[in-house]
Participant: 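Quick one: the structure is below, and I'll ask about it shortly.
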Amino acid sequence: GLIREYARQKKLSLQGPLPTGEEIFAAYNAGEPEAQKALKIFARRVAVGILSLQNVLDVEKVAIGGGISGQPLLIETLDRVYEEKILKGHPFGEEQARSLPRPEIVPCAFHNEANQIGALVSYLNAFYPQK
């Protein structure tokens, strides 16, 4: 989602080679406005998803996985956007939004390997169940 949004901001073709997440964060840190806007839009979309999880499942913690989770800037931006856009900008009001406990947003411990580890655990549980 971040790469696609950055490409949209930069008016890049989705058919050609696209920048990596590392390149987008480097552009963000260099002060590039398109990278900053793309990260903010991406973070808002993820924050809305987190709010939906909170409303349905009442989660205490949301762990963000994948290679992108290794960027502390992502978690900082998610926290800031969740506060500013989700809680303060809630359509039913900030008081209503704050009536639910706010989940902690953290990076996944396994970052980019989270999917592979999850698949392995699922496989092991399916074919070698613990007794």
Side-chain angles (χ1 to χ4, degrees):
L2 176 60
I3 292 171
R4 198 170 305 134
E5 184 57 40
Y6 180 74
R8 192 176 77 73
Q9 294 296 322
K10 294 286 284 184
K11 298 180 179 30
L12 301 173
S13 169
L14 294 177
Q15 308 305 322
L18 295 172
T20 65
E22 289 174 340
E23 292 169 335
I24 295 170
F25 280 100
Y28 182 98
N29 289 327
E32 185 181 288
E34 294 90 351
Q36 293 175 348
K37 186 171 183 181
L39 181 59
K40 189 173 182 181
I41 290 169
F42 174 74
R44 179 160 184 178
R45 290 176 182 155
V46 173
V48 167
I50 291 170
L51 178 66
S52 296
L53 282 172
Q54 180 61 18
N55 289 335
V56 174
L57 301 174
D58 192 23
V59 297
E60 293 179 15
K61 187 180 287 189
V62 175
I64 306 296
I68 196 170
S69 67
Q71 293 285 340
L73 179 61
L74 174 67
I75 303 302
E76 294 165 15
T77 304
L78 276 172
D79 277 330
R80 187 175 64 253
V81 167
Y82 195 90
E83 178 68 29
E84 293 171 1
K85 303 292 183 187
I86 302 301
L87 297 179
K88 291 182 180 175
H90 196 279
F92 297 120
E94 185 177 350
E95 184 178 338
Q96 178 70 24
R98 291 191 187 279
S99 68
L100 291 172
R102 179 179 174 174
E104 182 182 6
I105 303 170
V106 299
C108 181
F110 299 112
H111 301 292
N112 205 32
E113 289 78 30
N115 292 338
Q116 291 89 349
I117 293 170
L120 174 63
V121 169
S122 179
Y123 173 83
L124 292 174
N125 286 338
F127 293 101
Y128 304 99
Q130 302 279 327
K131 292 185 174 122

Participant: Between Ser99 (side chain only) and Gln96 (backbone N and O only), is there a donor and an acceptor less than 3.5 Å apart?
Facilitator: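 Yes.
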Participant: Should we say atom CZ of Arg98 is surrounded by more than 12 heavy atoms from elsewhere, each under 6.0 Å from it?
Facilitator: yes
Participant: Are Pro101 and Gln54 packed together at the side-chain level, in the sense that at least one heavy-atom pair is separated by less than 4.5 angstrom?
Facilitator: yes
Participant: Measuring only between side-chain heavy atoms, which start at C-beta, is Glu60 closer than 4.5 Å to Glu104?
Facilitator: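 No - every pair of side-chain heavy atoms lies 4.5 Å or more apart.
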Participant: What are the two closest heavy atoms between Gly66 and Ser69, and how far apart are they?
Facilitator: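 For Gly66 and Ser69, the tightest heavy-atom pair comes out as O-OG, 2.6 Å.
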Participant: Transitively linked via ILVMFWY side-chain contacts under 4.5 Å: Val106 with Ile64?
Facilitator: no
Participant: According to a hydrophobic-cluster definition based on side-chain heavy atoms being under 4.5 Å apart (Ile, Leu, Val, Met, Phe, Trp, Tyr only), do Leu120 and Tyr128 belong together?
Facilitator: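 Yes; tracing contacts between hydrophobic side chains, which count when under 4.5 Å, links both residues.
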Participant: With the side chain counted from C-beta on, respond yes when Arg102 and Asp79 share a heavy-atom pair under 4.5 Å apart, and no when they do not.
Facilitator: yes
Participant: Could you tell me whether the side chain of Leu2 reaches within less than 4.5 Å of the side chain of Leu39, counting heavy atoms only?
Facilitator: yes
Participant: Check the hydrophobic clustering (I, L, V, M, F, W, Y; side-chain heavy atoms under 4.5 Å; chains of links allowed) and say if Val121 and Phe110 are grouped together.
Facilitator: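 Same cluster.
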Participant: Considering the options Ile86, Val62, Val81, which one meets the side chain to side chain contact (heavy atoms under 4.5 Å, CB included) requirement together with Ile50?
Facilitator: Val62
Participant: Any link between Ile41 and Tyr28 through a network of hydrophobic side chains (Ile, Leu, Val, Met, Phe, Trp, Tyr) touching at under 4.5 Å?
Facilitator: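 They do not share one cluster, since no chain of ILVMFWY contacts under 4.5 Å joins Ile41 to Tyr28.
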Participant: Can you measure from NZ (Lys37) to CD (Gln9) and round to the nearest 0.5 angstrom?
Facilitator: 4.5 Å
Participant: If you count heavy atoms of other groups shown closer than 6.0 angstrom to CD of Glu94, is the number above 12?
Facilitator: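 Count over threshold, so yes.
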Participant: Would you call Phe25 and Leu74 a side-chain contact if the rule is heavy atoms closer than 4.5 Å?
Facilitator: yes
Participant: Going hydrophobic residue to hydrophobic residue with side-chain gaps under 4.5 angstrom, can you get from Leu53 over to Val56?
Facilitator: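 Yes, it is one cluster - the side chains of Leu53 and Val56 are joined through contacts under 4.5 Å.
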Participant: If we ignore hydrogens and angles and just use 3.5 Å, is the side chain of Ser52 paired with the main-chain N or O of Val48 as donor and acceptor?
Facilitator: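 Yes, Ser52 side chain to Val48 backbone: donor-acceptor pair under 3.5 Å.
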Participant: For residues Tyr6 and Ala27, report the shortest heavy-atom separation together with the two atoms involved.
Facilitator: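 Heavy atoms only, the tightest pair is OH-CB, 3.9 Å.
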Participant: Does some side-chain heavy atom of Lys11 sit less than 4.5 Å from a side-chain heavy atom of Glu34?
Facilitator: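 A side-chain contact under 4.5 Å is absent here.
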Participant: Check whether any side-chain heavy atom of Val46 lies under 4.5 Å from a side-chain heavy atom of Ile105, and answer yes or no.
Facilitator: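 Not in contact.
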Participant: One thing to verify: whether Arg8 and Glu5 come together as a salt bridge, which I'm taking to mean a side-chain N less than 4.0 angstrom from a carboxylate O.
Facilitator: yes
Participant: Picking from Leu78, Ile68, Ile24, Thr77, what satisfies side chain to side chain contact (heavy atoms under 4.5 Å, CB included) with Phe42?
Facilitator: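 Testing Phe42 for a side chain to side chain contact (heavy atoms under 4.5 Å, CB included) against Leu78, Ile68, Ile24, Thr77 leaves exactly one candidate, Ile68.
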Participant: Specify the closest pair of heavy atoms between Ala63 and Cys108, including all atoms of both residues, with the distance to one decimal.
Facilitator: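 Closest approach of Ala63 to Cys108, heavy atoms only: CB-CA, 4.2 Å.
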Participant: Can you see which heavy atom on Gly21 is nearest to which on Ile3, and at what distance?
Facilitator: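 Looking at all heavy atoms of both residues, the closest pair is N-CD1, 4.1 Å.
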